[in-house]
Number of protein chains: 2
Amino acid sequence: MTIGKLSKKTGLSAYTIRYYEKKGLIKVARDAAGRRVFDEADVEWIRFIQRLKDTGMLLRDINRYSKLRYQGDSTVEERMKILEEHRKYVLAEQEKWANNMKHLNEKIQIYREMFMS
Amino acid sequence: MTIGKLSKKTGLSAYTIRYYEKKGLIKVARDAAGRRVFDEADVEWIRFIQRLKDTGMLLRDINRYSKLRYQGDSTVEERMKILEEHRKYVLAEQEKWANNMKHLNEKIQIYREMFMS
DNA sequence: GCTTGACTTAGACTATAGTCTAAGCAGTAT
DNA sequence: ATACTGCTTAGACTATAGTCTAAGTCAAGC
């Protein structure tokens with residue numbers, strides 16, 4: 001699969017995919033002509049990167065995880081620890097969002113009363 | 001209250017508070033010597049800005065809201081609409097976070113099984 | 001055999017949101 | 001009076017994450 005196909009599959013722009021490769025987040029195979037070649041495993045890995053990004057992990061930290069992943073199964077424990085640490089962060093964020101949502105609802109309610117009366 | 005006190009109260013740096021003023025998010029009174037003077041109403045407003053920011057609203061959009069707010073009660077309806085729109089966004093984000101959390105837990109579980117066995 | 005379209009590179013540019021510096025002024029403490 | 005602290009300004013600088021351009025290569029269809 002070419003970078004264009006992968007871009008369509010993942011929703012990342014080709015620019016961004018190249019940028020992720022340059023940063024070290026993904027390692028990419030090449031064909032005889034020097035063009036990037038991707039497979040389904042790359043798609044899965046990109047999707048996981050997107051999840052980490054969506055939950056506020058910085059590329060810097062995703063990169064740390066990525067380096068371990070490319071080192072193979074011996075790094076499973078360390079990767080698990082990173083994810084467990086990140087899980088704590090996500091839980092805290094969810095709490096923050098819930099709290100902010102509560103206040104947002106209250107504010108809207110106040111406005112609604114002001115506007116109705 | 002000076003900018004230093006407000007900074008301590010809100011957790012924003014003095015730099016950031018000045019930056020928010022420059023951007024138009026907050027309007028600030030001055031004393032005879034030209035120094036910024038804040039009151040409790042400013043603290044409340046900053047705290048609300050922080051909530052909007054924490055829920056992913058861009059300064060650009062917070063600014064739009066701010067301009068209406070400084071125009072007085074006649075803009076209540078419009079502000080309410082902005083908040084209701086933003087509320088939808090926050091709900092969608094919460095769903096995304098919940099979904100990502102689910103996958104994160106699954107991944108951790110897989111690692112845990114790999115590590116334990 | 002030429003055009004078209006997708007690919008390649010390095011490096012410049014953008015957006016967002018700060019963060020800091022330099023030079024200077026105001027008010028308080030010794 | 002002098003030193004100290006906290007404030008003032010404009011504008012330069014930083015971090016993060018892309019986004020795009022220029023110049024060129026390659027393979028397929030006509």
Side-chain angles (χ1 to χ4, degrees), chain A residues 1-39 42-43 45-67 86 89-90 93 96 100, chain B residues 1-39 42-43 45-67 86 89-90 93 96 100:
Chain A
M1 172 185 344
T2 65
I3 198 167
K5 298 277 162 63
L6 182 68
S7 169
K8 261 173 208 158
K9 269 207 165 189
T10 60
L12 292 181
S13 75
Y15 299 139
T16 303
I17 295 166
R18 291 193 198 99
Y19 174 73
Y20 282 5
E21 188 198 16
K22 188 151 51 174
K23 284 267 159 172
L25 273 70
I26 48 180
K27 292 202 193 301
V28 188
R30 303 300 177 110
D31 68 9
R35 281 169 305 199
R36 290 170 182 81
V37 182
F38 301 91
D39 60 20
D42 294 316
V43 175
W45 174 221
I46 293 265
R47 294 220 165 111
F48 189 61
I49 288 175
Q50 289 179 302
R51 283 193 190 288
L52 293 177
K53 249 215 89 227
D54 270 357
T55 48
M57 194 184 275
L58 298 179
L59 294 195
R60 182 205 307 146
D61 294 319
I62 297 176
N63 202 17
R64 193 161 63 92
Y65 182 92
S66 167
K67 278 185 175 26
H86 187 57
Y89 169 78
V90 174
E93 283 298 302
K96 204 178 72 186
N100 284 332
Chain B
M1 175 186 341
T2 64
I3 199 169
K5 297 277 163 63
L6 182 68
S7 170
K8 262 173 207 158
K9 269 206 163 186
T10 60
L12 292 181
S13 75
Y15 298 138
T16 303
I17 295 166
R18 290 192 200 100
Y19 174 74
Y20 282 4
E21 188 197 15
K22 187 152 49 176
K23 284 264 159 173
L25 275 69
I26 48 179
K27 291 200 194 303
V28 188
R30 303 300 178 110
D31 68 10
R35 282 167 305 199
R36 291 169 182 82
V37 182
F38 302 90
D39 59 19
D42 295 316
V43 175
W45 174 221
I46 293 265
R47 294 220 165 111
F48 189 63
I49 289 175
Q50 289 179 301
R51 285 193 189 287
L52 293 178
K53 251 214 89 230
D54 271 356
T55 50
M57 195 185 277
L58 296 179
L59 295 195
R60 182 205 306 147
D61 295 317
I62 297 175
N63 202 15
R64 193 162 62 93
Y65 182 91
S66 168
K67 277 183 175 26
H86 187 57
Y89 168 78
V90 174
E93 283 297 303
K96 204 179 72 185
N100 284 331

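Convention: sequence-line order gives letters A, B, ...; per-chain numbering from 1.
- Under 4.0 angstrom from either OP1 or OP2 of C:dC7 there lies no side-chain N or O belonging to A:Arg36.
- The phosphate of C:dG18 has OP1 or OP2 within less than 4.0 Å of a side-chain N or O from B:Tyr20.
- Distance from the side chain of B:Lys22 is smallest for D:dG11 among the nucleotides D:dG11, C:dT19, D:dA27.
- In this structure, A:Glu93 pairs ionically with A:Lys96, as a charged nitrogen and a carboxylate oxygen lie closer than 4.0 Å.
- With the nearest nucleotide of DNA chain C identified for both A:Thr2 and B:Leu58, A:Thr2 has the one nearer the 5' end.
- The side chain of B:Arg18 lies closest to D:dT9, out of C:dT19, D:dT9, C:dT8.
- In this structure a side-chain-to-backbone donor-acceptor pair under 3.5 Å is present from B:Thr55 to B:Arg51.
- The shortest distance between the side-chain N/O atoms of A:Lys53 and the OP1/OP2 oxygens of D:dG18 is below 4.0 Å.
- Dashed line: the shortest gap from a side-chain N or O of A:Arg35 to OP1 or OP2 of C:dG5 is not under 4.0 Å.
- Distances shown here put a side-chain N or O of B:Arg30 below 4.0 Å from the OP1 or OP2 atom of D:dT9.
- When atom types are taken as modelled, the side chain of A:Asn63 and the backbone of A:Lys23 share a donor-acceptor pair closer than 3.5 angstrom.
- Closest approach to the A:Ala33 side chain among D:dT21, C:dA17, D:dA27 is made by D:dA27 (side chain taken as heavy atoms from C-beta onward).
- Considering only the side chain of A:Thr16, D:dG18 comes nearest among C:dG18, D:dT9, D:dG18.
- Test B:Leu25, B:Asp42, B:Leu6 against B:Ile17 for side chain to side chain contact (heavy atoms under 4.5 Å, CB included) and you get one pass: B:Leu6.
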